[in-house]
Amino acid sequence: MEISKTYNSAQAEETWYQYWLDNKFFKSTPDQREPYTIVIPPPNVTGVLHMGHMLNNTIQDVLIRRARMLGYNACWVPGTDHASIATEAKVVALLKEQGINKADLTREDFLKHAWNWKEKYGGIILEQLKKLGASCDWDRTRFTMQEDMSEAVIDVFIDLYNKGQIYRGVRMVNWDPEGLTAVSDEEVIHKEAQSKLVYVKYKIETSTGSATDEYITIATTRPETIMGDTAVCVNPTDERYAHLKGKSIIVPVVNRVVPIIFDEYVDKEFGTGTLKVTPAHDINDFNLGQKHKLQTIDVLTQAGKISEAAGAYVGMDRFACRKKIIKDLTEQGLVVKVEDIKNKVGYSERTNAVIEPRLSMQWFLKMDTISKPALDNVVNGEIKLIPDKFINTYKHWMENVHDWCISRQLWWGQRIPAWYDNQGNTVIAKTKEEAIDLLKTKNSALKTDDVRQDEDVLDTWFSSWLWPITVFDPAVIRNGKDNANADLNYYYPTNDLVTAPEILFFWVARMAIAGYEWMGEKPFSNVYLTGIVRDKLGRKMSKSLGNSPDPLDLITKYGADGVRVGMLLCSPAGNDLMFDESYCEQGRNFANKVWNAFRLIQGFEVATVTSSGVEMQQSSAQKTAITWFEQKLSEQLEIINDHYSKYRMSDALMTTYKLVWDDFCAWYLEAIKPDFIDGKAQPIDKATFDATINFLESLLKIMHPWMPFITEEIWHLTKERSQKDCIIVAEWPKQLPTLESKQLAEFEVCKEVIASVRNIRQQKQISPKEKLALIEKSEAQHSYFDDVVIKLANLSSLTYTKDKVEGALSFMVKSTEFYVPMGSNINPEEEKERLSKELEYNQGFLKSVLVKLSNEKFVANAKPEVIAAERKKESDALSKIKAIEEQLAVLN
RNA sequence: GGGAGAUUAGCUCAGCUGGUUCAGAGCACCUGCCUUACAAGCAGGGGGUCACAGGUUCGAACCCUGUAUCUCCCA
């Protein structure tokens with residue numbers, strides 16, 4: 001069979017993914033084995049795969065595949081999130097394109113459109129994950145708004161309400177005037193902006209009630225809220241304004257008379273040291289207003305336009321009004337100056353609209369007591385954050401946590417199960433019938449038509465915080481954890497969670513809270529936090545910049561295995577990664593290398609007798625290489641396992657990469673490769689061939705989590721396999737019980753000798769085909785690796801001598817000298833120069849060692865093994881120097 | 001403004017408990033090779049004042065202090 005010189009990824013990916021599905025290798029059901037569980041961070045149902053998903057899900061797939069091979073019952077639960085704001089915005093935009101206004105639709109009609117859209121386009125991202133090779137148990141696919149999951153959310157609301165943890169109240173919330181909803185603190189992104197600080201003159205009113213000519217000047221970045229001013233505040237210690245006690249101020253534009261109040265809150269240094277107080281439009285002003293019992297005038301509408309209450313500029317957009325008002329005030333001579341300043345402005349994470357602090361009636365969850373276990377168990381290490389530098393951030397946040405605003409003024413989501421009558425009664429109930437029954441106890445005259453359900457839905461995170469629980473058993477909230485189903489009992493708590501640090505608080509912290517609240521136990525043991533994928537200039541990848549490659553294009557170009565390797569080669573945990581396509585190229589090249597190693601092995605002709613009829617013998621070089629590589633494999637496997645245990649993914653991958661490329665391909669295969677005689681490859685003996693196949697299989701297994709497709713492909717090409725004999729379920733290799741470190745060290749010497757000979761070839765322009773003689777100055781007569789040296793350095797002979805050899809180039813490995821006889825082909829001057837340099841270096845080295853050893857404090861304080869090492873260095877250096885001096889003497 | 005972290009080769013990063021000539025890896029680079037698995041390759045090689053300034057120590061990339069620059073989080 002002719003096998004292609006390059007690996008064809010597309011075909012293998014298609015074939016094997018389907019094969020894995022058909023044979024249900026991703027499927028997990030509870031059994032005797034220990035479970036290993038990951039729940040996917042559910043991507044937004046409207047999402048398409050981007051580089052962040054690629055990174056995140058590749059890591060999860062690597063973890064789950066390795067766990068599967070280690071014999072765990074590996075279960076990776078996939079699913080999507082309904083993402084209320086983002087999805088609703090998307091659907092609204094789409095309807096608009098079709099000429100449909102959301103405002104013209106009833107709630108039911110809108111939801112019908114939204115569900116249609118979800119059925120049609122939602123979950124594309126899950127199909128894309130399959131291209132990556134994600135080995136999720138697709139039968140378990142969940143959606144946060146499917147019926148039973150939603151019911152659990154309502155159960156949770158009711159449970160918390162009954163526990164007294166949920167309340168409703170008027171609060172200052174972060175209002176998104178575009179999404180027309182409140183958003184949580186965590187959904188506000190503060191960005192630095194260039195703003196104008198406007199200095200406006202406010203007239204002071206006399207005690208008799210008439211206006212004076214006296215003014216005070218107030219600095220504000222938000223002149224459009226002037227109409228909502230209900231006081232002016234100064235610091236009581238500010239002498240500049242002490243005389244204003246008891247006086248009033250006339251608010252420009254609306255000519256409202258408001259008091260001057262005194263409060264420590266005002267910063268004397270900022271602006272003019274005076275503050276206009278607008279309780280409806282700033283959280284701090286709101287607090288001042290509460291304290292000083294001020295009137296609250298809301299001058300903005302939900303959409304961010306000037307409201308009727310303002311009494312001027314009604315209907316104008318807030319930013320247009322800002323400009324206009326500055327212009328008008330300037331014309332009236334009331335503007336002293338306008339300064340450019342930098343300040344932080346909050347933007348909505350979802351719609352990018354400037355957030356407006358706004359008073360409104362919302363539902364809140366008390367966070368102080370419920371969040372306690374989630375804090376304690378991260379601090380005490382019960383839940384591990386990787387890397388652990390995030391513990392501080394987490395702790396800081398959890399210690400300063402605010403009550404969670406859980407209501408959203410949207411339709412797409414779980415509707416709040418609060419019901420009202422026309423008498424101001426409120427009850428919490430799962431159904432209208434229950435609500436009516438409950439309301440009747442408060443209002444005997446209740447008519448069914450008087451019962452209204454709350455219009456708002458719950459924050460998306462209020463459903464996704466249950467994810468690790470409800471994907472297994474959505475009924476557990478109402479049944480209680482003691483009545484959990486078999487799945488939940490078996491899979492919970494999950495093992496690893498892989499996610500972005502951006503949602504540490506949104507999601508991770510809240511899952512921990514929910515876990516302790518309803519399961520009495522952590523939801524996961526380890527949280528691996530990935531970085532943000534940036535381009536090589538360090539810019540975040542984004543649609544608007546157009547600097548993000550399409551992951552599927554990359555897969556087409558480099559193969560899924562290549563892209564997976566490429567992503568993970570440059571992904572330190574918790575640090576951003578500077579992605580560049582060249583990493584994928586490196587990944588593809590590695591896959592190709594593996595492919596060609598396989599081609600070589602597969603092309604070996606196994607024979608019991610040679611072409612001349614003699615019985616095939618394993619050569620000494622082959623024997624040595626096998627002995628060595630068996631050790632090497634075990635040694636590196638231990639290192640790889642260790643990297644995994646510490647979640648050092650890039651390190652585990654790089655160790656694998658070098659084991660395969662350098663140790664196996666460059667050294668082992670070269671050492672055992674049969675010679676060519678008369679242009680014909682010699683056959684290989686069965687023992688060497690079998691050992692090689694075994695090594696290859698072990699390596700394929702170690703590579704499998706990173707490169708699932710090519711390893712499965714080769715696995716099936718190396719021999720006939722039964723249907724279920726697949727690498728995806730093969731057993732992870734085991735280490736040797738003991739390691740012969742002496743053999744490993746000796747082989748390193750062997751490599752060094754070979755490299756030195758090759759170096760001489762390079763320097764002297766000697767063709768690799770020309771055989772050279774090598775003489776070792778040693779008491780010994782033979783090393784176990786001699787034949788490997790002969791083969792790989794292409795020697796005619798390797799002999800031993802006790803005497804110096806003249807007319808030869810020399811090199812040293814450790815403290816042993818080697819000679820390559822050159823006849824007259826030697827330039828003594830060049831040699832002298834080289835040797836002198838080496839002598840100088842070694843003398844310098846010796847000196848530094850001697851300085852250390854002659855330092856009494858060093859000898860007295862350093863650990864014995866450190867001192868012993870220094871003494872060894874001393875003696876090695878001395879013998880090296882002696883040898884070089886002897887060589888120089890010969891040349892002179 | 002408060003907090004966390006970073007700064008090591010051209011690039012991306014390791015360097016774990018201070019101790020080997022400890023200054024490392026991969027990529028990139030340079031030189032020579034189309035050597036019968038692989039040019040998506042092989043062989044060999046060069047390259048860093050470990051951000052800066054002090055300090056602790058017999059010994060510092062590593063610990064401490066300060067400075068600079070950058071990133072992130074929070075207000």
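The structure displayed is predicted, hence computed values, not measured ones. Note on naming: letters A, B, ... go to the chains in the order of the sequence lines (proteins, then strands), and numbering restarts at 1 for each one.
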Paired with U67(B): which nucleotide, if any, by Watson-Crick or G-U wobble criteria at under 3.5 Å for both distances? A51(B)

Under a 4.0 Å threshold between the charged nitrogen and the carboxylate oxygen, would Glu874(A) count as salt-bridged to Lys852(A)? no

If you measure from the P atom in A61(B) to the same atom in C42(B), how many Å do you get, rounded? 35 Å

Distance between the P atoms of C63(B) and A14(B), in whole angstroms? 15 Å

Pairing nucleotide - G19(B), Watson-Crick or G-U, each distance under 3.5 Å: C58(B)

A39(B) and A53(B), which share atom name P, separated by this distance in whole Å: 49 Å

Could you tell me whether Asn392(A) contacts a base, only the sugar-phosphate backbone, or nothing, with contacts defined as non-hydrogen atoms closer than 4.0 Å? sugar-phosphate

Under 4.0 Å, counting only non-hydrogen atoms across every strand here, what does Glu670(A) touch: a base, just sugar-phosphate, or nothing? base

Among C42(B), G19(B), A40(B), which nucleotide sits nearest the side chain of Lys593(A)? C42(B)

Have a look at Arg588(A) and say if it touches a base, only the backbone sugar-phosphate, or nothing, with a 4.0 Å heavy-atom cut-off. base

Checking base pairs now: Watson-Crick or wobble, both atom distances under 3.5 Å. What partners C72(B)? G3(B)

Return the nearest nucleotide to the side chain of Asn759(A); candidates are G45(B), G26(B), A4(B). G45(B)

Between A28(B) and U67(B), how many Å separate the two C1' atoms, rounded to a whole number? 34 Å

Winner on side-chain proximity to Lys769(A), out of C73(B), U35(B), G19(B), is U35(B)

